[in-house]
4 protein chains.
Amino acid sequence: MRADARDNRARIMAAADNVFGRSPGASTDDVAKLAGVGIATVFRHFPTKTDLLEAVLTLRLERIRDRALELAGSADPGTAFFEFFTQVVSESASKLAIAEALSAAGAAAGEEAREAGRGMREAFGGLLAAAQKAGAVRADAQFPEVYALLIGASRGATAAELDPETRDRMLALVFDGLKTLS
Amino acid sequence: MRADARDNRARIMAAADNVFGRSPGASTDDVAKLAGVGIATVFRHFPTKTDLLEAVLTLRLERIRDRALELAGSADPGTAFFEFFTQVVSESASKLAIAEALSAAGAAAGEEAREAGRGMREAFGGLLAAAQKAGAVRADAQFPEVYALLIGASRGATAAELDPETRDRMLALVFDGLKTLS
Amino acid sequence: MRADARDNRARIMAAADNVFGRSPGASTDDVAKLAGVGIATVFRHFPTKTDLLEAVLTLRLERIRDRALELAGSADPGTAFFEFFTQVVSESASKLAIAEALSAAGAAAGEEAREAGRGMREAFGGLLAAAQKAGAVRADAQFPEVYALLIGASRGATAAELDPETRDRMLALVFDGLKTLS
Amino acid sequence: MRADARDNRARIMAAADNVFGRSPGASTDDVAKLAGVGIATVFRHFPTKTDLLEAVLTLRLERIRDRALELAGSADPGTAFFEFFTQVVSESASKLAIAEALSAAGAAAGEEAREAGRGMREAFGGLLAAAQKAGAVRADAQFPEVYALLIGASRGATAAELDPETRDRMLALVFDGLKTLS
DNA sequence: AATGAATGAGCCTTCATTCAT
DNA sequence: GATGAATGAAGGCTCATTCAT
């Protein structure tokens, strides 16, 4: 039974990620239907809709953090930093929800999500520090504004539904502002 | 009655601007209550909730456009451009709704709102062109990505609830990317 | 001003007759619009929607009564009776409202409408009595069932949206039942 | 749960039959209250008020059809026909709704109700044909006008709120028109 | 543990009716 | 006297959440 339950939980979260990513106002029933379980099962795993939302948010934040951690070991910290930045913004463009997850990372209500946000920001902070140390990013840029830029670029790409070329040109502008002045 | 009605209409729009600015999912009743009118009065002026939303959106877009047009006559196009950019982002920071208005400017459903969005983008485009002609903004930056940057910065500032100093430092980074390379 | 008011009243009643004839659930506003007056004017003339409905009903009943009275003087009472019966049913077929007026004639709430119903039934009763006296309608048929038949035929024609030929054949059946047995 | 749900559904339909029979414009809430369930339960079983109305209509039509089918096997087709006619009209007299169901049987919107109407008319047509074959009903009467007569008599009885004696005398007149001329 | 049914609060919208010009 | 604006009380319908199987 444990395995079954765990399986259901995963299916529900995947469905929720999908559904809420497309339309944030979707109903819990939509999630249940897509997950192929009864609605009561959803509420058994997540007593509140908010709980479900937070679980999804947490998962997303952790995924982003993991991406950062993977790149953290890279030999070229500058490339790693810009690569991460680009990836996050690119995916935001196609997944409305990631951008929102990023902004919610700060104000998130639940403890778990807040913790995930902290972890993600920390990992990104590590990437930034390394890139600065390596001279790829200007040293006077502090974390808060760089992080705000990441959020902003993500949300801008999402909201404007940019085509990839425009998105890349936008990032080029942002990166020019971030790079060490020669 | 004409005067009274016009007055009410204005009060309703102000209330809607306020309420929807705080929580986009607010009910029409909330708007009515804040405006101090009965709910039927709101529906008399705006037959549909969508109509009300669009009227608010249109108003916001027009206000931003007007700001752009005011600055268009400025003697110093570079300053005018950056000043406008800063103002829009600053206000977004405190008014969630402006950022959303900016992003909705593209995909807005209603004809009126779409037209307002067009007007606003045009005015901003004028500011950008002048600034580029004056050599204040790099010539290879095209409108779409600069506009995306404006939206992104606004949304980023809003979502992250930045304090003014951080916001200014974020804008400094963005502006450094936009400025003509020396 | 008296003339103006009377004119408006007539226009409102005509509009109401029209509108309610088509869709019984129509709003008072629809009536006002069709009449070309403000809604408050309608309520000035008819303090309640029920009042308006009753006035329309009364008018219709009076019209039917007048038709009966016109035919009452006819030289051939049998023809007059069947002619009247046919006319009422035919018009019901195309004007939903007449059939309803006829059925409402009994239970109508307002004194005025009730009086109009009484008058109409009396006139129809006169037609029936004369036709029976002339030997055209069987003598054992009493008013209540003949009147019920008039209502029924009208409503049946209306509800079933009969084409004229079927309607006539239906009436032929009814009339065969009403005629004096030879 | 299946049993409970089926039970509730039946209770809701019974309540709807009752409520709409008395006042066709009744609210869904009235139905729910009479059925002793929450309003959402009504909407769970019938997603739209129209759906509920149609379900009730269908049920009524099917009941009438069943009555016709029962009588179809009778040894005396003439009696069977007139018996059916009388029964339908008698019940209409006390149940406004049946008469309306009958007229709606032609134009009903939903496929299910339309099908039920078809079935009912067919069964009634069988009764008529048999009665004609047996010489109890005049051979020149065609189905459409006889059916219109059934509807009309039902609606007339309902609308006029006839007492049983008058209703029977009205039917006697109708039947005299339908019987084979001797 | 999983399910589908039930529930009431809430939302958008309409309408008869009343005010103020 | 005529008008358009304002109003609150429904009404249809949805949704997060709770029960009972």
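Reminder, nothing fancy here: chain letters follow the sequence lines and each chain counts from 1. Heavy-atom basis, side chains included; hydrogens, waters and symmetry copies ignored. Bear in mind that the values here come from a model prediction, so they are computed numbers and not experimental data.
Annotation: salt bridge (charged side-chain N to carboxylate O under 4.0 Å, His left out) contacts involving residues 10-23 of chain A, sequence neighbours excluded, comprise Asp7(A)-Arg11(A), Asp17(A)-Arg60(A), Asp17(A)-Lys95(A). For residues 38-50 of chain D, no pair satisfies side-chain hydrogen bond (donor to acceptor under 3.5 Å, both in side chains), with sequence neighbours left out.
Summarising the geometry, atom OG belonging to Ser92(A) is positioned 10.0 Å from atom CD1 belonging to Ile151(A); distances are rounded to the nearest 0.5 Å. Taken to the nearest 0.5 Å, the CD atom of Glu112(B) stands 5.0 Å off from the OG1 atom of Thr58(B). Note: Glu91(B) CD to Ser154(B) OG = 10.0 Å, rounded to the nearest 0.5 Å.
Taking 4.0 Å as the cut-off between side-chain N and carboxylate O, Glu54(D) and Arg114(D) do not count as a salt-bridged pair.
The separation between Phe46(C) atom CZ and dT18(E) atom P is 16 Å, rounded to whole Å. Distance Leu52(B) CG to dT13(E) C1': 14 Å, rounded to the nearest Å. The CZ atom of Arg11(A) sits 10 Å away from the P atom of dA2(E) (whole-angstrom rounding). Atom P of nucleotide dT14(F) and atom CG of Asp51(D) are separated by 11 Å, given to the nearest angstrom. Per the geometry, CZ belonging to Phe43(C) stands 15 Å off P belonging to dG4(F), to the nearest Å. One interatomic measurement links the two molecules: CZ of Arg9(B) to P of dA6(F), which rounds to 11 Å at whole-angstrom precision. Rounded to an integer number of Å, the gap from Leu53(D) CG to dC13(F) C1' is 16 Å.
Applying the side chain to side chain contact (heavy atoms under 4.5 Å, CB included) rule to Ala16(D) yields the partners Phe20(D), Val31(D), Leu52(D), Val56(D); only residues at least two apart in sequence or on another chain are considered. Applying the side chain to side chain contact (heavy atoms under 4.5 Å, CB included) rule to Ala35(A) yields the partners Ile12(A), Ala15(A), Val37(A); only residues at least two apart in sequence or on another chain are considered.
Listed pair His45(B) / dA6(F) meets the phosphate criterion, a side-chain N or O lying under 4.0 Å from OP1 or OP2.
Contact detail for Val42(A) and Ala32(A): the closest heavy-atom pair is CG2-CB, 3.7 Å.
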Are there any protein N/O atoms within less than 3.5 Å of an N/O atom in nucleotides 7-11 of chain F, and if so, which ones and at what distance?
{"unit_1": "dT7(F)", "atom_1": "OP2", "unit_2": "Gly38(B)", "atom_2": "N", "d": "2.8"}
{"unit_1": "dT7(F)", "atom_1": "OP2", "unit_2": "Thr41(B)", "atom_2": "OG1", "d": "2.5"}

Dot-bracket for DNA chain F, 5' to 3', Watson-Crick and G-U pairs with both distances under 3.5 Å, [ ] for crossing pairs, | for partner on another strand, reads .||||||||||||||||||||
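When each of Pro47(B) and Pro47(C) is assigned the nucleotide of DNA chain E bearing its nearest heavy atom, the one mapping closer to the 5' terminus is Pro47(B).
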